[in-house]
Amino acid sequence: MKWGVTKPRVYVTRLLPKEAMDRIHSHCDAKVWGGELSPPRDVLLRNVADVEGLVCLLTDRIDSMLMDRAPNMKVVSNYAVGFDNIDVTEATNRGILIGNTPDALTETTADFAFALIMSAARRIAEADSYVRGGKWHTWGPMLLLGRDVHNSTLGIIGLGRIGAAVARRARGFNMHILYSSRVRQRQHEQELGIEYAELDKVLAESDFITVHTTLSPGTHHLLSAKHFEKMKRTCILVNTARGPVVDNMALYDALRAGNILCAALDVTEPEPLPANHPLLTLNNMIVTPHIASASTATRRRMALIAADNLIAGLSGQLGPATVNPQALNKHSQA
Ligand code: DGY
């Protein structure tokens, strides 16, 4: 495809829902990577060379090397709420606005976290395989016994928007809810009837632990071997946040030794999890391919926000969700 002349040039690293693509095309001279996998690094680096804007996914690494190759870049619009794939400090220093897609996916992701809690507790994936495997011969008093979700204790690690949305669901199940978070959320405590606790107490007292913290150097392997030792042997761990928040090999050891009951992971380290990864040899583990936000309506909303962040950033404006509004100051100083 040839670049046009009047509209700002942008690169889009994956085909997004149509309405958003139409919006991008109507405002920009957009080149779109049509592959199912991320563009290879060299392709990405080549294609940002003369663009003013980039729409990327959490699988694209946006670092100083990429920014060096893109001297005209004004805005990077990430099609995700998380932005641990982007060096935001570096972008801000260069006056590059970073957009993300918060709010749009909160409820959908919370639905999925709760679905994993339910699936793991009631062994739904295992029961489905049991039937398909021809093992179902009769109704059995001890067949596939699970754990009750209602009236149990839920531990939430990271009480942002999604953690709070999970808490709202848990209230409907009459769960006692503990949370640990970088910042104590007293208003949520009152509104949701939840209790703040140190991480160790959350680990020791929860029947279910669900992870909703962002990934940063401070949360990398936040849950490691010593933390699994503190959990109940009946504890079920759910992660829909970022894989590296949990040390997967320590989790493997804990699951294998029966130190915790089960894990349900929508995110892993690495992603994708290779087919020969030790975790996949375990029966007390459910894994899904990072789809917690994957409903048709939510992905459409995310795409429209990503398009609007891009378009606003191209004209030096803040979009609906800008991670680093302070990057604009760089423009006024220039
Ligand atoms: C995000 O947005 O950060 C999710 O992980 C994917 O929707």
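In each ligand, atom 1 is the first atom listed, and ligand 1 is the first ligand listed.
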Return a table of donor-acceptor pairs under 3.5 angstrom between the side chains of residues 302-320 and protein atoms on other chains or two or more places apart.
| from | atom 1 | to | atom 2 | distance (Å) |
| --- | --- | --- | --- | --- |
| D308 | OD1 | R23 | NH1 | 2.9 |
| D308 | OD2 | R23 | NH1 | 3.0 |
| N309 | OD1 | A321 | N | 3.0 |
| N309 | ND2 | N100 | O | 2.9 |
| N309 | ND2 | I305 | O | 3.4 |
| N309 | ND2 | A321 | O | 3.2 |
| S315 | OG | A312 | O | 3.2 |
| Q317 | NE2 | S315 | O | 3.4 |

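Among pairs with a residue in residues 135-148, none fulfils side-chain hydrogen bond (donor to acceptor under 3.5 Å, both in side chains), at least two apart in sequence or across chains. Within the structure, ring-ring contact (aromatic ring centres under 6.0 Å, His included) pairs that include any residue of residues 167-210 comprise F114-F173, Y179-Y196 (at least two apart or interchain).
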Short N or O separations between ligand 1 and the protein, below 3.5 Å:
| from | atom 1 | to | atom 2 | distance (Å) |
| --- | --- | --- | --- | --- |
| ligand 1 | 2 (O) | V81 | N | 2.7 |
| ligand 1 | 3 (O) | V81 | N | 3.4 |
| ligand 1 | 3 (O) | G82 | N | 2.9 |
| ligand 1 | 3 (O) | R242 | NH1 | 3.4 |
| ligand 1 | 3 (O) | R242 | NH2 | 2.7 |
| ligand 1 | 5 (O) | R242 | NH1 | 2.6 |
| ligand 1 | 5 (O) | H290 | NE2 | 2.7 |
| ligand 1 | 7 (O) | S293 | OG | 2.6 |

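Evaluated for a side chain to side chain donor-acceptor pair (under 3.5 Å) with S224, the options H221, K226, H220, H227 yield exactly one hit, H227. The side-chain contact (heavy atoms from CB on, under 4.5 Å) test with Y11 singles out one residue from D50, V55, N47, and that residue is N47.
Judged by distance alone, the side chains of H212 and T210 do bring a donor and an acceptor atom under 3.5 Å apart.
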